[in-house]
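For the numbers below, each heavy atom of this structure counts, side chains included, while hydrogens, waters and symmetry mates do not. Chain A is the first sequence line, chain B the second, and so forth, proteins listed ahead of strands; every chain is numbered from 1.
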Amino acid sequence: GAGVSQSPRYKVAKRGQDVALRCDPISGHVSLFWYQQALGQGPEFLTYFQNEAQLDKSGLPSDRFFAERPEGSVSTLKIQRTQQEDSAVYLCASSATVGYGYTFGSGTRLTVV
Amino acid sequence: QQQVKQSPQSLIVQKGGIPIINCAYENTAFDYFPWYQQFPGKGPALLIAIRPDVSEKKEGRFTISFNKSAKQFSLHIMDSQPGDSATYFCAATSGSRLTFGEGTQLTVNP
């Protein structure tokens, strides 16, 4: 597609629910990233994929967070047993080359109530 | 741990003014320094970027100045317009990871 597509745009979850956030990267982009952006803050790195391989997951805040990209294109970020502190915008980005030229999606705003 | 420090947090200028946003970093492994612009409800969009072997880069009304010895870099917006009102983030890359500053909310008054 022309850009990075994320769905849903908004998600409200009750505390303790599991959620799944989807990212469709730009076609052909081998690198895919997830970032978390709290209100009024800069995005914080969560995890990085090169094709289907998850090469860096050091930014995931807890073992409740899990990401996958099984066929090297679409990626899903899953958060289990959501907590209020998980409320944030989750941004996905893709790039054709590692380290440069990231294109971000518009994000999914997660609100945990 | 904040590896890229950005200031000011907010900035208000009149149309035609030249807002300047400053960033500083500590990690000498950073090798690419982009600036992003973000509008409400949208993801960050790449504006301009520089590598540490260059002291200045200009693209249209946007200029990055880079001081490698001081580990500082800044964004200048020439002839600012109300449409430039947005949040601006500096960032730095080491390997695959992009580290963002905390952001500057710019308002350009008509």
Trainee: For A:E52, I'd like to know if atom CD has over 12 heavy atoms of other residues, nucleotides or ligands within 6.0 Å.
Mentor: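 Yes, the 6.0 Å shell around CD holds more than 12 heavy atoms from other groups.
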Trainee: Rounded to the nearest 0.5 Å, how far apart are OH of A:Y48 and CG of B:L98?
Mentor: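 Between atom OH of A:Y48 and atom CG of B:L98 there are 12.5 Å.
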Trainee: Same hydrophobic cluster for A:F49 and A:L21, using side-chain heavy-atom links shorter than 4.5 Å among ILVMFWY?
Mentor: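 Yes, A:F49 connects to A:L21 through the hydrophobic network.
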Trainee: Going by heavy atoms in the side chains, are B:R97 and A:S58 under 4.5 Å from each other?
Mentor: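 Sidechains of A:S58 and B:R97: in contact.
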Trainee: Taking CD in A:Q50 as the centre, count heavy atoms belonging to other residues, nucleotides or ligands within less than 6.0 Å. Is the count above 12?
Mentor: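 Yes, CD of A:Q50 has more than 12 neighbouring heavy atoms, counting only those of other groups under 6.0 Å.
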Trainee: Using a 4.5 angstrom heavy-atom cutoff, name the option from B:G103, B:G41, B:G95 with the most pairs to chain A.
Mentor: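 Sorted descending by pairs with chain A, the first entry is B:G41.
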Trainee: Looking at A:E71, I'd like to know if its CD atom is crowded, meaning that more than 12 non-hydrogen atoms belonging to other residues, nucleotides or ligands lie closer than 6.0 Å.
Mentor: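 Atom CD in A:E71 is not packed in, count stays at 12 or less.
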Trainee: Select one option (side chain, backbone, both, neither) describing which atoms of A:R9 are under 4.5 Å from chain B's heavy atoms.
Mentor: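 Side chain only.
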Trainee: Where on A:Y102 is there a heavy atom nearer than 4.5 Å to chain B: the side chain, the backbone, both, or neither?
Mentor: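 Interface part for A:Y102: both.
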Trainee: How close do A:L91 and B:G43 get, counting heavy atoms only, and between which atoms?
Mentor: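 Heavy atoms of A:L91 and B:G43 come nearest at CD2-CA, 4.0 Å.
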Trainee: Are there more than 12 heavy atoms of other residues, nucleotides or ligands under 6.0 Å from atom CD of B:Q9?
Mentor: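 Not more than 12 within 6.0 Å, no.
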Trainee: Is A:Q37 close to chain B through its backbone or its side chain, or both, or neither, when contacts mean heavy atoms under 4.5 Å?
Mentor: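 For A:Q37, the side chain is the part near chain B, not the backbone.
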Trainee: Which region of B:T93, side chain (C-beta onward) or backbone (N, CA, C, O), has a non-hydrogen atom less than 4.5 Å from a non-hydrogen atom of chain A, or is it both or neither?
Mentor: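 Only the side chain of B:T93 comes within 4.5 Å of chain A.
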Trainee: What part of B:F39 gets within 4.5 angstrom of chain A, counting heavy atoms only: side chain, backbone, both, or neither?
Mentor: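 Neither part, no heavy atoms under 4.5 Å.
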Trainee: If hydrophobic clusters are built from ILVMFWY residues whose side chains come within less than 4.5 Å, do A:F65 and A:V19 share one?
Mentor: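 The answer is yes; both residues are in one hydrophobic cluster.
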Trainee: Among the clusters formed by ILVMFWY side chains lying less than 4.5 Å apart, do B:V54 and B:L47 turn up in the same one?
Mentor: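 Linked, B:V54 and B:L47 end up in one cluster.
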Trainee: Return yes when atom CZ of B:R61 has more than 12 non-hydrogen atoms of other residues, nucleotides or ligands closer than 6.0 Å, and no otherwise.
Mentor: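 Yes, enclosed.
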Trainee: If you tally heavy-atom pairs under 4.5 Å against chain A, which of B:P34, B:S96, B:A91 wins?
Mentor: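 Winner by heavy-atom pair count: B:S96.
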Trainee: To the closest 0.5 Å, what do you measure between OH (A:Y35) and CZ (B:F100)?
Mentor: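 Spacing of OH (A:Y35) from CZ (B:F100) equals 5.5 Å.
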Trainee: Below 4.5 Å, heavy atoms only, C-beta onward: do A:P43 and B:F89 meet side chain to side chain?
Mentor: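 A side-chain contact under 4.5 Å exists here.
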